[in-house]
Amino acid sequence: MVRAAGRDLRRPAGGVRAARDTHGLGGEDELVREALDALGVPAARVPELLAAHGVLPIATRTRTVDELLDVLAPHLAVAGHAERDAVVTVDSAEQYEHFHAATFGDYYARVLPEERRADFYRAVGAAARRRQDERGHVSHMPVRLWELAQREEFVAGSGTGPLPA
């Protein structure tokens, strides 16, 4: 069990997993699926289309606290972490269109021919605006700030110890 300042960092149920479907899609992936569906790609075919273009869904790449601790523990001591829910809201479809393009570039858009990509970004913006209108937000996700320290045995064995005075 990993502890920080006497607190158990592992959650009883193995950590919170990002909401995702059986294909590993969730969060931004859902907006992409909705946008592609609006452009004529049946929603049921989107996972196959993403996979065919090497697009690994964001929700699949999201790790739980437990999974991150497993990765970090061999190299770094976890002193603690803080977590908050980041909520994404928009005032317009165009605002989210710009956000998606700036954040993801052509990561998702590459599944379409170049001449359809502007339509794709507009469709993502429209999907985000619909969500904003229906839910009062586009999405939300956990954001964690980790406080880490080097493990002494790792530092001693790696030649990365303190510099000489």
Side-chain angles (χ1 to χ4, degrees), residues 1-37 43-44 46-91 95-111 124-125 127-162:
M1 199 59 66
V2 177
R3 295 186 177 276
R7 293 177 297 124
D8 179 6
L9 292 180
R10 295 192 187 248
R11 298 189 179 173
V16 174
R17 167 64 68 193
R20 58 184 175 185
D21 68 13
T22 57
H23 301 286
L25 277 66
E28 191 71 18
D29 309 319
E30 293 171 350
L31 288 172
V32 167
R33 178 176 16 215
E34 194 175 321
L36 290 170
D37 187 53
V46 170
E48 174 188 332
L49 180 65
L50 295 176
H53 287 85
V55 176
L56 184 64
I58 296 296
T60 298
R61 295 186 290 164
T62 302
R63 296 177 188 242
T64 66
V65 170
D66 286 356
E67 291 166 339
L68 284 170
L69 288 170
D70 289 343
V71 170
L72 296 172
H75 309 289
L76 299 164
V78 178
H81 80 282
E83 184 174 320
R84 69 176 181 83
D85 199 35
V87 180
V88 177
T89 61
V90 293
D91 296 321
Q95 184 183 25
Y96 199 85
E97 177 184 339
H98 176 76
F99 168 80
H100 180 91
T103 303
F104 299 101
D106 70 351
Y107 183 71
Y108 290 107
R110 67 183 169 187
V111 304
V124 168
R129 184 63 214 193
R130 274 191 301 281
R131 274 200 184 184
Q132 177 70 39
D133 292 344
E134 293 167 3
R135 303 176 183 182
H137 65 276
V138 176
S139 63
H140 63 92
M141 68 209 82
V143 176
R144 295 182 190 98
L145 174 64
W146 292 84
E147 184 180 351
L148 305 171
Q150 292 179 328
R151 288 196 175 280
E152 288 304 317
E153 63 273 18
F154 181 72
V155 173
S158 67
T160 61

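On a predicted model such as this, the values are computed, not experimentally measured, just so you know. Throughout, numbering of the chain's residues begins at 1 and tracks the sequence.
The shortest side-chain heavy-atom distance between Asp21 and Glu30 does not fall under the 4.5 Å cut-off. The shortest side-chain heavy-atom distance between Trp146 and Leu76 does not fall under the 4.5 Å cut-off. Residues Thr89 and Val138 have side chains not in contact (no heavy-atom distance under 4.5 Å, counting atoms from C-beta outward). Taking the side chain as every heavy atom from C-beta outward, Leu56 and Tyr107 approach each other to under 4.5 Å.
Applying the 6.0 Å contact sphere to NE2 of His98 captures no more than 12 heavy atoms from other residues, nucleotides or ligands.
Arg144 CZ to His81 NE2: the interatomic distance, rounded to the nearest 0.5 Å, is 6.0 Å. A distance of 5.0 Å separates OH of Tyr96 from CG of Leu31, quoted to the nearest 0.5 Å. Atom CZ of Arg33 and atom CG of Leu50 lie 8.5 Å apart (nearest 0.5 Å). Going from atom CZ of Arg84 over to atom CE of Met141 covers 9.5 Å, rounded to the nearest 0.5 Å.
Between Val143 and Ala86, the shortest heavy-atom contact is CG2-CB, 3.4 Å. The shortest heavy-atom contact between Pro142 and Glu83 is CB-OE2, 3.8 Å.
Take Phe104 and apply the ring-ring contact (aromatic ring centres under 6.0 Å, His included) test, not counting sequence neighbours, and it matches His100, Tyr108. Applying the salt bridge (charged side-chain N to carboxylate O under 4.0 Å, His left out) rule to Asp133 yields the partners Arg129; only residues at least two apart in sequence or on another chain are considered. Every residue two or more places apart in sequence or in another chain that forms a side chain to side chain contact (heavy atoms under 4.5 Å, CB included) with Glu48 is listed here: Arg45. Residues passing the salt bridge (charged side-chain N to carboxylate O under 4.0 Å, His left out) test with Asp37: none are found, sequence neighbours excluded. Every residue two or more places apart in sequence or in another chain was checked for a salt bridge (charged side-chain N to carboxylate O under 4.0 Å, His left out) with Arg135, and none qualifies. Shown here are the salt bridge (charged side-chain N to carboxylate O under 4.0 Å, His left out) partners of Glu34, two or more places apart in sequence or in another chain: Arg130.
A donor-acceptor pair is defined here as one N or O able to donate and one able to accept, closer than 3.5 Å; no such pair exists between the side chain of Gln95 and the backbone of Val90. Using modelled atom types, one side-chain atom of Asp29 and one backbone atom of Gly26 make a donor-acceptor pair closer than 3.5 Å. A donor-acceptor pair under 3.5 Å links the side-chain atoms of Thr60 to the main chain of Gly24, judged by distance alone.
Tested against Leu25, the residues Val46, Ile58, Val32 include a single side-chain contact (heavy atoms from CB on, under 4.5 Å) partner, Val46.
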